[in-house]
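Every heavy atom of this structure was used, including side-chain atoms; hydrogens, water molecules and symmetry mates were not. The structure displayed is predicted, hence computed values, not measured ones. Within every chain, numbering begins at 1; the chains are lettered A, B, ... in the order of the sequence lines, protein sequences first and strands thereafter.
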There are 2 protein chains.
Amino acid sequence: MEERAANISKEMTLLKERMHQHQYKSTPQRDEIADWVFRTHEHFTVEELIASFREKGKKVSQATAYRVIQMLLDLKLIEEHDFGKDYKFYEHTPGHDHHDHIVCMDCGKIIEFADSSLETLKEKITLKNGFRMKKHHLTIYAECTTCPPEKRVLTRRET
Amino acid sequence: MEERAANISKEMTLLKERMHQHQYKSTPQRDEIADWVFRTHEHFTVEELIASFREKGKKVSQATAYRVIQMLLDLKLIEEHDFGKDYKFYEHTPGHDHHDHIVCMDCGKIIEFADSSLETLKEKITLKNGFRMKKHHLTIYAECTTCPPEKRVLTRRET
DNA sequence: GTATGTGCAAAACGTTTGCAAGTTC
DNA sequence: GAACTTGCAAACGTTTTGCACATAC
């Protein structure tokens, strides 16, 4: 929607680098899907990705969509989330540090937060239990006290 | 396996009360599945539940197993977890306070922990963001520093 | 006796895969 | 041109459902 060409370029450059490192060939489908992913500042599902292309009149086969998502996961350019729905949510990682999520049980709104004391505590607890932490997902299911004055159902970040 | 009749009775009594409150009829299938669930002190899948009955020579149809699990969720006697596998894990709640999980990425071991400062912090963060917390799942994916000297793959609690 | 629960087999769901044709390097 | 990627349709594994029969209250 908005003009953010410079920013996208940086992410696309990163994509190219990592694809090359991991010996993935460059194809129009991969580029277009990755570009959409980097431009999308909400948590999205593969179904939404496919629908978005269909609306624009572009064709992406389901198989390719899922395969490119797998590639982006492998390249650590996106993260996968399970918010208790029957499908998975994804979000791109370049330019975004670790954060956790609050999911509104009424309107489905997803908000992100980062808290350093929380991260310290997670690390401490993991070590105390004899583990080395690799990744961690905290999801808080809640009700927004102001729900539903706003219609935005997927809200990711302010940018 | 062990004798814990007194304990089970208490949980089965709770089951009967809640089934009555919610107008669920009492059936042998429901009782037997609930009994198994209360006796199972690991995180289990529906597939494991069915297999366990099959091994004992008892028959539980898949449809009934899934339906009873839905009932137990409705009665808030079990909790559902997604640990990144393609099937869901369940655990019974009576007698167990809220806790979070550490999943070993090497051996699959699942351990539980409870930390009051963590709970306080979650609550504080949720409020600060304008939400009322309903439920919350923190899962830490890690490697056990002592993995794998022990063979236990599913370890839930010490009882 | 009526509403509800069960079991079977079939459907549904999101996701993955085999394969022939097309593309990249 | 050898290896990889695509698209289709079919397969997948888990979970749900339609329906006829059985059971609970």
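Salt bridge status for D74(A) with R18(A): absent, with no side-chain N to carboxylate O gap under 4.0 Å.
One can place NZ of K85(A) at 18 Å from P of dT15(D), the figure rounded to the nearest angstrom. Distance Y87(A) OH to dT16(C) C1': 20 Å, rounded to the nearest Å. Taking atom NE2 of H20(A) as the reference point, atom P of dT24(C) lies 16 Å away to the nearest angstrom. Atom pair E47(B):CD and dT16(D):C1' shows a separation of 15 Å (rounding to whole Å applied). Rounded to whole Å, the distance from CZ on F44(A) to P on dG14(C) is 16 Å. Rounded to a whole Å, the CZ atom of R54(B) is 13 Å from the P atom of dG7(C). The interatomic distance linking I69(B) (CD1) with dT15(D) (P) rounds to 10 Å, in whole Å. Atom-to-atom, CG of D31(B) to P of dG5(C) comes out at 13 Å; the value is rounded to the nearest Å.
Between the side chains of K76(B) and T93(B), no donor-acceptor pair is found at a separation under 3.5 Å.
Residues K56(B) and W36(B) approach most closely at NZ-CD1, 3.9 Å, considering heavy atoms.
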Expected list for residues 127-139 of chain B: side-chain donor-acceptor pairs under 3.5 angstrom, two or more places apart:
{"residue": "N129(B)", "atom": "ND2", "partner": "I125(B)", "partner atom": "O", "Å": "2.8"}
{"residue": "R132(B)", "atom": "NE", "partner": "E143(A)", "partner atom": "OE1", "Å": "3.4"}
{"residue": "H136(B)", "atom": "ND1", "partner": "H98(B)", "partner atom": "NE2", "Å": "3.4"}
{"residue": "H136(B)", "atom": "ND1", "partner": "K122(B)", "partner atom": "NZ", "Å": "3.0"}

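Counting only distance, with no hydrogens or angles, the side chain of R30(B) and the backbone of K25(B) share a donor-acceptor pair below 3.5 Å.
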- Quick tally for nucleotides 5-12 of chain D: nucleotides whose base has a protein heavy atom under 4.0 Å get B, sugar-phosphate-only ones S, the rest -, giving SBBB----
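Using a 4.0 Å heavy-atom distance criterion, S26(A) is classed as a sugar-phosphate-only contact.
In terms of phosphate contacts, Y66(B) brings no side-chain nitrogen or oxygen within less than 4.0 Å of OP1 or OP2 of dT16(D).
Taking the six-membered ring for Trp and thresholds of 30 and 60 degrees, H81(A) and H99(A) have ring planes inclined between 30 and 60 degrees apart.
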